[in-house]
Amino acid sequence: MELDATTESGVFYDRVCRAVCTLTSMRRAALLLYDPTYGAVIPIGSHGVDPDLFARFEGTLDETPIARRALEQDRVVEVNGSLEGQVPPRYARLADTEAITCTPIAAARRWLGVILADREGEPIELDDAERETMLTLGRLAALTDRKSVV
């Protein structure tokens, strides 16, 4: 029986998202990786996210300032309040939250994607341990280059 490498990588990224939610106070997480063919990030893994909403995720850095900040600053960024101007307008109200975090997925100065996570609408104030855990999981995701798996 031949294994589906794409499914295997999706399972891995689902586990990274589950770890974000298990090891921190986040309840939902979505992992998006940049697809050079498509020219935007696409959903690769999730935990606790509505599958219909997750399937529609996509975006570019130009329309997602929270992702650009997380990648440029190489740190976990949190936003509380309106998501307008932080995520693409088509998602600002869809996510049913006004507080999110964005974890960079980057390695060797290559920006590969982000992990967006939330507490299902509750305000977010991360402590240093949560930030470090999320950043470490983002680095783990970056070290697993899905192109080598597919």
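Here the structure is a predicted model, which means the values were calculated and not measured.
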Exercise. Any side-chain heavy atom of Met26 within less than 4.5 Å of one from Leu126?
Worked result: yes
Exercise. Rounded to the nearest 0.5 Å, how far apart are SG of Cys17 and CG of Leu116?
Worked result: 9.5 Å
Exercise. Does a side-chain heavy-atom distance below 4.5 Å link Phe12 with Leu140?
Worked result: yes
For this session: Spell out, as yes or no, whether a donor-acceptor pair under 3.5 Å connects the side chain of Thr101 to the backbone of Ala117.
Result: yes
Problem set entry | Student check: side-chain heavy atoms of Arg75 and Arg131 closer than 4.5 Å | yes
Exercise. Can you find a pair of side-chain heavy atoms, one from Val16 and one from Leu31, that are under 4.5 Å apart?
Worked result: yes
Exercise. Does some side-chain heavy atom of Leu61 sit less than 4.5 Å from a side-chain heavy atom of Tyr34?
Worked result: no
For this session: Give a yes or no on whether Asp128 atom CG has more than 12 heavy-atom contacts from other residues, nucleotides or ligands under 6.0 Å away.
Result: no
For this session: Please say which of Glu132, Met134, Arg139 ends up in a side chain to side chain contact (heavy atoms under 4.5 Å, CB included) with Thr136.
Result: Glu132
Problem set entry | Heavy-atom side-chain proximity of Thr103 to Val20 below 4.5 angstrom | no
Exercise. Taking C-beta and beyond as the side chain, do Pro104 and Leu135 meet within less than 4.5 Å on heavy atoms?
Worked result: yes
Problem set entry | Separation of Ile44 CD1 from Leu112 CG (nearest 0.5 Å) | 11.5 Å
Exercise. Just by modelled atom types, is the Ile42 backbone N or O under 3.5 Å from a matching donor or acceptor in the Asp35 side chain?
Worked result: no
Problem set entry | Salt bridge flag under 4.0 Å for residues Arg68 and Asp62 | yes
Exercise. If every non-hydrogen atom of Ala70 is compared with every non-hydrogen atom of Cys102, which pair is closest and at what distance?
Worked result: CB-O, 3.6 Å
Seminar exercise, completed: Applying side-chain hydrogen bond (donor to acceptor under 3.5 Å, both in side chains) to Arg18 and not counting sequence neighbours gives none
For this session: For residues Gly45 and Asp14, report the shortest heavy-atom separation together with the two atoms involved.
Result: CA-OD1, 3.1 Å
Exercise. Is the backbone N or O of Thr60 less than 3.5 Å from a side-chain atom of Glu63, with the two atoms forming a donor-acceptor pair by type?
Worked result: yes
Exercise. Is Asp74 salt-bridged to Arg109, cutoff N-O under 4.0 Å?
Worked result: no
Seminar exercise, completed: Heavy-atom closest pair (Ala29 atom, Val49 atom, distance to 0.1 Å) is O-CG2, 3.3 Å
Problem set entry | Arg119/Glu130 ion pair, N-O < 4.0 Å | yes
Exercise. Are there more than 12 heavy atoms of other residues, nucleotides or ligands under 6.0 Å from atom CD of Glu125?
Worked result: no
For this session: Might you point out which heavy atoms bring Gly59 and Ala40 nearest each other, and give the distance in Å?
Result: O-CB, 3.2 Å
Exercise. Between the side chain of Arg27 and the main-chain N/O of Glu120, is any donor-acceptor distance below 3.5 Å?
Worked result: no
For this session: Kindly indicate whether the side chain of Ile105, heavy atoms from C-beta on, has any atom under 4.5 Å from the side chain of Leu33.
Result: yes
Exercise. Rounded to the nearest 0.5 Å, what separation is found between the OG atom of Ser25 and the CG atom of Asp118?
Worked result: 10.5 Å
